[in-house]
Amino acid sequence: MSICKSGESFGELSLIDGKPRSASAQTLEDSVLLTLTGQNFLKLLRTHFDITLGIMQELSSRLRDTNQQVFDLTFLDARMRVIKSLIKMANKHGLRNGNTITIKLVLNFDEISQLAGVQKVTLMQVIRDLEEKQILIISSSDFKLDLAKLR
């Protein structure tokens, strides 16, 4: 599972290799999406090297992220995977004010447990612990992560 920001792309693998999409997508908010046919996509790649290079760089970045996720799943315990996932979301989607990062993503606990690669029960235990230590504050519209208390 991943979360795209405005302007990001997804679904290009099936356009490149002609195989069915490997994942589904859903929006968290009202969105405008653009689609390309495989034929138009390949024409675009042939005629605009800058776009081709950008896609190659994005796919390389995603492969590196996948390698890191495999490492994390292999060597980090559940608590560290949850914390790392929260920090990753904070870095990508958060607004920083001093040591506090506010993330205005409306994700449910099932989605967060998928991002962290942990069972929901484990996620809830880690979240309760982080809330008790006031490292994490969850409200209906956002959550706040206190980096100073995380150390």
Beyond-backbone contact of [X] with [Y], side-chain heavy atoms, under 4.5 angstrom:
X    : Y    : answer
F75  : V70  : no
L123 : I127 : yes
R21  : L13  : no
L45  : L42  : yes
Q125 : D129 : no
R96  : N99  : yes
I137 : T100 : no
M89  : F143 : yes

Exercise. Do other residues, nucleotides or ligands put more than 12 heavy atoms under 6.0 Å from the CD atom of Q68?
Worked result: yes
For this session: Kindly check if the number of other-residue, nucleotide or ligand heavy atoms within 6.0 Å of CG (N97) is above 12?
Result: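 No, the 6.0 Å shell around CG holds no more than 12 heavy atoms from other groups.
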N-O pairing of [X] and [Y] below 4.0 Å:
X    : Y    : value
K144 : D146 : no
E8   : K92  : yes
E58  : R62  : yes
D77  : R81  : no

Closer than 3.5 angstrom, by distance alone: can the side chain of [X] be matched with the main-chain N or O of [Y] as a donor-acceptor pair?
X    : Y    : result
T122 : V118 : no
S113 : F109 : yes
T27  : D30  : no

Exercise. Looking at I101, N91, L130, I103, which hits side chain to side chain contact (heavy atoms under 4.5 Å, CB included) with L86?
Worked result: L130
